[in-house]
Amino acid sequence: MNALKKLFGGNTRQFGMIFALVALIVFFQIFTEGRTLTPGNVINLFNGNSYILILAIGMVLVIIAGHIDLSVGSVAAFVGVFVALAMRDWGFPWWVGVLFGLFLGAVIGAWQGFWVAYVGIPAFIVTLAGMLLFRGFNQFVGKSNTIPVPKEFQFIGSGYLPEVGPNTGFNNLTLLIGLVAVAFVIIMSLRARAAAKALGAEVPELWVEVTKLVLICGAILYATYLFATGRPGTSFPIPGLILAVLVLIYGFIADKTVLGRHVYAVGGNRHAAELSGVQSKKVNFMVMMNMSILAGLAGMIFVARSTASGPFDGVGWELDAIAAVFIGGAAVTGGVGTVIGSIVGGLVMAVLNNGLQLLGVGADLTQIIKGLVLLAAVAFDVYNKSQGKRSITGMLMKNFQRNNEIKPDEATSTKEVISKEA
């Protein structure tokens with residue numbers, strides 16, 4: 001156990017979810033007679049769940065800030081149908097349609113962010129209203145019909161990296177991306193170790209670092225092999241490429257920028273953050289607007305993959321996105337969570353869905369299992385972090401209803417942390 005703690009940093013929740021993901025893959029690989037880890041199934045798994053993973057990236061920032069967004073499915077559906085309508089009836093080129101969809105998501109996010117940040121209505125109330133509002137708009141604008149999208153637009157949801165270079169029996173671009181990813185992981189690990197040594201900080205033992213790199217790089221190379229050896233015409237999917245870029249961008253924002261630290265500060269203790277100079281209203285506005293932008297992107301990717309928008313797009317997406325974030329280690333009380341953890345949580349849900357489908361489990365039992373997994377993840381978090389006896393609803397509303405006094409040392413500590421980051 002000590003070796004495991006050294007290897008994974010001692011965070012039981014963090015490496016526990018990775019173990020859960022690996023265990024699920026092994027379980028379904030055995031009981032589906034090897035169908036889980038086939039190139040075709042892995043490619044389909046990423047294609048079919050990329051939009052949920054994109055939603056999880058935005059949702060983790062919302063939850064870290066101490067809020068919840070119930071409208072993401074409806075917003076995604078509304079943006080998808082509006083973009084499809086714009087390309088069909090208004091003659092928008094596909095790339096203009098994408099920009100229009102992102103702009104529309106930003107407008108919706110600004111609308112919801114205004115009510116949350118500047119009026120002071122709890123986010124889950126605002127987004128519950130948004131869920132109803134934009135679901136109705138989706139059906140009103142689309143007249144409850146399907147609206148097809150052009151083939152050029154479909155590429156962002158169902159396209160693959162093209163074949164280039166000599167015939168190696170693999171997709172060369174996929175191989176290149178895999179090798180670049182391995183090099184990136186190794187270089188960043190070595191740089192982090194060198195920086196820690198330069199500061200005189202404690203660094204992991206060399207065997208720990210090497211073992212961790214071998215495991216991570218081995219997983220990347222095996223995934224690269226699966227993506228590069230699919231049936232002719234397939235390779236690493238374009239939605240997966242978009243997801244990878246977003247993970248890098250938002251991971252950097254959350255971990256390395258002042259804005260990211262302010263999101264954590266507001267979610268951890270809004271009053272203390274404000275005393276240290278953080279503009280919590282702007283932070284709340286930004287996380288809500290960002291969530292709707294990513295919801296719009298997710299909706300467009302789904303419509304592109306489906307080749308048409310429909311009146312039932314986006315139903316239940318908020319459950320999967322929220323579940324991914326909580327399973328990935330975010331705290332119900334806010335202030336805790338990571339982008340990578342949310343992706344791991346989303347992959348747990350995706351593998352669970354995919355494996356149950358391969359086993360022929362019905363939709364009813366699948367929903368039951370997903371609900372139990374979500375409940376277990378949140379219960380585990382509350383058990384580990386519980387200090388009081390507040391309800392989950394009360395915790396979600398804490399940014400607006402908490403009137404507890406802030407201890408002077410607590411406010412000073414927060415101020416020092418944020419000042420260092422700035």
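The figures here come from the full heavy-atom set of this structure, side chains too, leaving out hydrogens, waters and symmetry mates. Heads up: numbering here begins at 1 and tracks the sequence.
Identified under the salt bridge (Lys or Arg N to Asp or Glu O under 4.0 Å) test for residues 57-68, with sequence neighbours left out: none. Listed by first and then second residue, the salt bridge (Lys or Arg N to Asp or Glu O under 4.0 Å) pairs that reach into residues 138-153 come to none, sequence neighbours excluded. Counting only residues at least two apart or in different chains, salt bridge (Lys or Arg N to Asp or Glu O under 4.0 Å) contacts with residues 69-96 are absent.
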Output a table of donor-acceptor pairs, distance under 3.5 Å, between side-chain atoms of residues 116-130 and any protein atom two or more places apart or on a different chain; print 'none' if there are none.
| unit_1 | atom_1 | unit_2 | atom_2 | d |
| --- | --- | --- | --- | --- |
| Thr127 | OG1 | Leu70 | N | 3.0 |
| Thr127 | OG1 | Ala123 | O | 2.7 |

Name every donor-acceptor pair, under 3.5 Å, that has one atom in a side chain of residues 38-45 and the other anywhere in the protein, sequence neighbours excluded.
| unit_1 | atom_1 | unit_2 | atom_2 | d |
| --- | --- | --- | --- | --- |
| Thr38 | OG1 | Arg35 | O | 3.2 |
| Thr38 | OG1 | Asn41 | N | 3.4 |
| Asn41 | OD1 | Asn354 | ND2 | 3.1 |
| Asn41 | ND2 | Thr36 | O | 2.8 |
| Asn41 | ND2 | Asn354 | OD1 | 2.9 |
| Asn44 | ND2 | Gly40 | O | 3.1 |

Under 3.5 Å, sequence neighbours excluded: what are the donor-acceptor pairs made by side chains of residues 306-323?
| unit_1 | atom_1 | unit_2 | atom_2 | d |
| --- | --- | --- | --- | --- |
| Ser306 | OG | Phe302 | O | 2.9 |
| Asp313 | OD2 | Gly310 | N | 2.8 |
| Asp320 | OD1 | Lys370 | NZ | 3.0 |

Practice problem: Tell me, with the steps shown, if Met291 and Val72 meet side-chain contact (heavy atoms from CB on, under 4.5 Å). | Solution: CA-CA 8 Å; Met291 181 70 260; Val72 293; 3.7 Å; yes

Exercise. Could you go through the side-chain contact (heavy atoms from CB on, under 4.5 Å) check for Val303 and Val81 one step at a time?
Key: CA-CA 8 Å; Val303 168; Val81 71; over 6 Å; no

Exercise. Walk me through it: do Ile52 and Leu55 pass the test side-chain contact (heavy atoms from CB on, under 4.5 Å)?
Key: CA-CA 5 Å; Ile52 295 296; Leu55 289 177; 4.3 Å; yes

Practice problem: For side-chain contact (heavy atoms from CB on, under 4.5 Å), just list the numbers for Ile340 and Val247, CA-CA rounded to whole Å, side-chain angles, deciding distance to a tenth of an Å, and then say yes or no. | Solution: CA-CA 7 Å; Ile340 294 297; Val247 168; 3.6 Å; yes

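Side-chain contact between Thr366 and Leu352 is absent, with no heavy-atom pair separated by less than 4.5 Å. Looking at heavy atoms from C-beta onward, Val107 lies out of side-chain contact with Trp111 at the 4.5 angstrom threshold. Side-chain contact between Cys217 and Ile186 is present, with at least one heavy-atom pair separated by less than 4.5 Å. A heavy-atom distance below 4.5 Å is not found between the side chains of Leu275 and His271. In this structure, Val336 and Ile64 have side chains that are not in contact, with every pair of non-hydrogen atoms separated by 4.5 Å or more. Val60 places none of its side-chain heavy atoms less than 4.5 Å from the side chain of Tyr250.
Contact between Ile301 and Ser50 at its shortest, heavy atoms only, is CG2-OG, 4.0 Å. Taking all atoms of both residues into account, the shortest heavy-atom contact from Val149 to Ala304 is CG2-CA, 4.4 Å. Minimum heavy-atom separation, Arg305 to Gly157: CB-O, 3.4 Å. The two residues Val62 and Val287 have their closest heavy-atom pair at CG2-O, 3.7 Å. Heavy-atom minimum distance, Asn171 versus Leu161: ND2-O, 3.4 Å. Across all non-hydrogen atoms, the minimal contact from Gly97 to Met300 is O-SD, 3.9 Å.
For Met131, the CE atom sits in a packed shell: over 12 heavy atoms of surrounding residues, nucleotides or ligands are nearer than 6.0 Å. Remark: Phe114 CZ is packed, more than 12 non-hydrogen atoms of other residues, nucleotides or ligands lying under 6.0 Å away.
Note that CG of Leu241 is 12.5 Å distant from CD1 of Ile156, once rounded to the nearest 0.5 Å. To the nearest 0.5 Å, atom CG of residue Leu132 and atom OG of residue Ser71 are 10.0 Å apart. Expressed to the nearest 0.5 Å, how far CE of Met59 lies from CD1 of Ile54 amounts to 13.5 Å. The CG atom of Leu359 sits 10.5 Å away from atom CG of Leu365, with the distance rounded to the nearest 0.5 Å. Atom CZ of residue Phe134 and atom OG of residue Ser292 lie 7.0 Å apart, to the nearest 0.5 angstrom. Atom-to-atom distance recorded for Phe236:CZ and Leu175:CG is 12.5 Å, nearest 0.5 angstrom.
Side chain of Asn172 to backbone of Val164: a donor-acceptor contact under 3.5 angstrom is found. The backbone N or O of Arg231 lies less than 3.5 Å from a partner atom in the side chain of Thr234, making a donor-acceptor pair. Side-chain N or O atoms of Gln139 include none that pairs as donor or acceptor with a backbone N or O of Ser144 at under 3.5 Å. The main-chain N or O of Gly337 is found under 3.5 Å from a side-chain atom of Tyr264 such that the two form a donor-acceptor pair. With Ser276 contributing its side chain and Ala273 its backbone, the two residues share a donor-acceptor pair below 3.5 Å. Judged by distance alone, the side chain of Asn138 and the main-chain N or O of Ala77 form a donor-acceptor pair under 3.5 Å.
Checked by atom type, the side-chain pair Asn47/Tyr160 shows a donor-acceptor distance below 3.5 Å.
The aromatic rings of Phe82 and Trp90 sit perpendicular, their planes meeting at an angle over 60°, well past the 30° parallel limit.
Aromatic rings from Phe46 and Phe227 are positioned such that their centres are separated by under 6.0 Å.
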